[in-house]
Amino acid sequence: MKNLLIMGAPGAGKGTQASLIKNEYQIAHISTGDMFREAMSNQTPVGLEAKKYIDNGLLVPDTITVKLVEERLQKDDCKNGFLLDGFPRNISQAEALDKMLASSGIKLSGVINIQTDDLVLIDRIVGRRTCPVCKEGYHITSKKPKVENVCDKCGATLVQRADDNVETVSNRLKVYHEQTAPVLDYYKKQGLVIDVDGMQDINDVFKEITKKLGDNK
Ligand code: ADP
Ligand code: ADP
Ligand code: ZN
């Protein structure tokens with residue numbers, strides 16, 4: 001059983017790899033970004049509050065985010081393993097996660113770190129398209145759908161995320177380097193980090209991940 005984290009800069013390929021890993025290892029994929037987008041589209045109190053930060057490329061406050069993750073990890077589908085994508089994003093979230101897991105007697109199996117050059121991230125983010133129905137991710141050049149702007153899996157029209165614009169990207173990168181990158185050192189000290197070269201093609205990144213994770217499902 002695997003209890004994993006996937007980390008990397010915005011646009012590094014976390015969501016793309018998470019969806020492949022989830023199928024391969026049959027574990028729950030928990031994306032805080034997806035959860036916030038769902039809450040925003042349903043205009044829930046959490047969604048309305050989160051929108052103020054997300055639109056500006058800033059982190060949603062820890063009190064809101066930690067509670068959301070804590071509730072999600074208690075659901076039954078996490079009992080066979082999980083993959084957290086986009087959380088923790090700062091040291092205080094990492095400490096909160098450690099407490100949550102310790103109190104349930106759960107140990108992390110590894111932290112997948114997708115390494116990229118900042119130079120490719122803007123293109124990946126601005127060219128990103130997403131299926132609003134099944135959440136499958138696409139890219140206008142590196143992962144084109146068979147029919148332009150239509151989801152291969154479910155036929156829905158693809159959308160562009162509101163925060164995927166050049167203006168918020170620089171803030172999101174700054175937040176990543178200042179607040180999220182230190183989380184990697186936190187896990188390095190625990191010997192959990194699995195570095196992966198995120199500059200390869202999507203399938204090659206996935207091959208490197210499965211090779212390093214091993215067959216043990
Ligand atoms: P993240 O979840 O880290 O923000 P995504 O998985 O959504 O990143 O990927 C960002 C964009 O880049 C998407 O449009 C995706 O299709 C594309 N992408 C992901 N991995 C790669 C890769 N290895 N090479 C080229 N494009 C990629
Ligand atoms: P990216 O593809 O840029 O990595 P995500 O989909 O993971 O983005 O997150 C989108 C936005 O949602 C972030 O820029 C941030 O505002 C908010 N968010 C997601 N996860 C967290 C978190 N763990 N803590 C605070 N804010 C978060
Ligand atoms: Zn779809």
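Nothing here was measured: the structure is a model prediction, and the numbers come from that model. What you see below is based on every heavy atom in this structure, not just the backbone, and it leaves out hydrogens, waters and symmetry mates. Along the sequence shown, residues are numbered consecutively beginning with 1.
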How many angstroms lie between NZ in K75 and CD1 in I30, if you round to the nearest 0.5 Å?
9.5 Å

Going only through I, L, V, M, F, W and Y residues with side-chain contacts under 4.5 Å, is there a path from Y187 to L184?
yes

Taking atom NZ of K51 as the centre, does the number of heavy atoms from other residues, nucleotides or ligands within less than 6.0 Å exceed 12?
no

Atom CE of M1 and atom OG of S109: how far apart are they, to the nearest 0.5 Å?
7.0 Å

Has K174 got more than 12 heavy atoms of other residues, nucleotides or ligands less than 6.0 Å from its NZ?
no

Are any non-hydrogen side-chain atoms of V46 and F36 less than 4.5 angstrom apart?
yes

Keeping the roles fixed (side chain from N80, backbone from D77), state whether a donor-acceptor pair exists under 3.5 Å.
no

Is the backbone of N203 close enough, under 3.5 Å, to the side chain of D201 for a donor and an acceptor to pair up by distance?
no

Could you pull out the closest heavy-atom pair between G86 and T32, with the gap in Å?
O-OG1, 3.1 Å

T65 side, atom OG1; M35 side, atom CE - distance, nearest 0.5 Å
10.0 Å

Non-neighbouring partners of R89 that pass side chain to side chain donor-acceptor pair (under 3.5 Å), sequence neighbours left out:
none

Measure from the side-chain N and O atoms of K146 to the backbone N and O of C151, and report whether any donor-acceptor pair falls under 3.5 Å.
no

Would you say the side chain of V175 lies within less than 4.5 Å of the side chain of R172, judging by non-hydrogen atoms?
no

Non-hydrogen side-chain atoms of L108 and Q190 separated by less than 4.5 Å
no

Under the 3.5 angstrom rule, does the side chain of N90 hit a backbone N or O of S92 as a donor-acceptor pair?
yes

Mind checking side chain to side chain donor-acceptor pair (under 3.5 Å) for Y186 and listing every partner two or more places apart, or none if nothing turns up?
D98

Hey, does the side chain of Q26 reach the backbone of N23 with a donor-acceptor pair shorter than 3.5 angstrom?
yes

Is V159 reachable from V126 through a run of I, L, V, M, F, W or Y residues, each pair having side-chain heavy atoms under 4.5 Å apart?
no

Looking at every non-hydrogen atom in both residues, tell me the closest pair between G81 and N3 and how far apart they are.
CA-OD1, 3.3 Å

Pick out which of I194, I114, V196 makes a side chain to side chain contact (heavy atoms under 4.5 Å, CB included) with I6.
I114

Distance, nearest 0.5 Å, that separates OG1 of T130 from NZ of K135
9.0 Å

same_hphob_cluster(I140, I125) at 4.5 Å side-chain heavy-atom cutoff:
no

Side chain to side chain contact (heavy atoms under 4.5 Å, CB included) between I64 and E49: does it pass, once the steps are laid out?
CA-CA 9 Å; I64 300 176; E49 183 63 19; 3.5 Å; yes

Do V205 and D197 come close enough that some side-chain heavy atom pair is under 4.5 Å?
no

Donor-acceptor pair, distance only, cut-off 3.5 Å: does the side chain of T116 make one with the backbone of G198?
no

CG of L213 to CD1 of I21, rounded to nearest 0.5 Å, is 6.5 Å

Residue that, paired with E136, satisfies salt bridge (charged side-chain N to carboxylate O under 4.0 Å, His left out) out of R128, K22, K153:
K153

Is the backbone N or O of G8 less than 3.5 Å from a side-chain atom of K14, with the two atoms forming a donor-acceptor pair by type?
yes

Tell me whether I91 shares a hydrophobic cluster with L58, the cluster being built from Ile, Leu, Val, Met, Phe, Trp, Tyr side chains joined at under 4.5 Å.
yes

Quick check: do V150 and T157 have side-chain heavy atoms less than 4.5 Å from each other?
no

Is there a donor-acceptor pair under 3.5 Å between the side chain of D117 and the backbone N or O of V120?
no

Greater than 12 external heavy atoms within 6.0 Å of K144's NZ:
no

State, with a plain yes or no, whether a side-chain heavy atom of L20 is found less than 4.5 Å away from one of E24.
no

Do L83 and L97 sit in one hydrophobic cluster, given that two such residues count as connected whenever their side-chain heavy atoms are within less than 4.5 Å of each other, even indirectly?
no

Taken to the nearest 0.5 Å, the spacing of Q179 CD from H177 NE2 works out to 12.5 Å

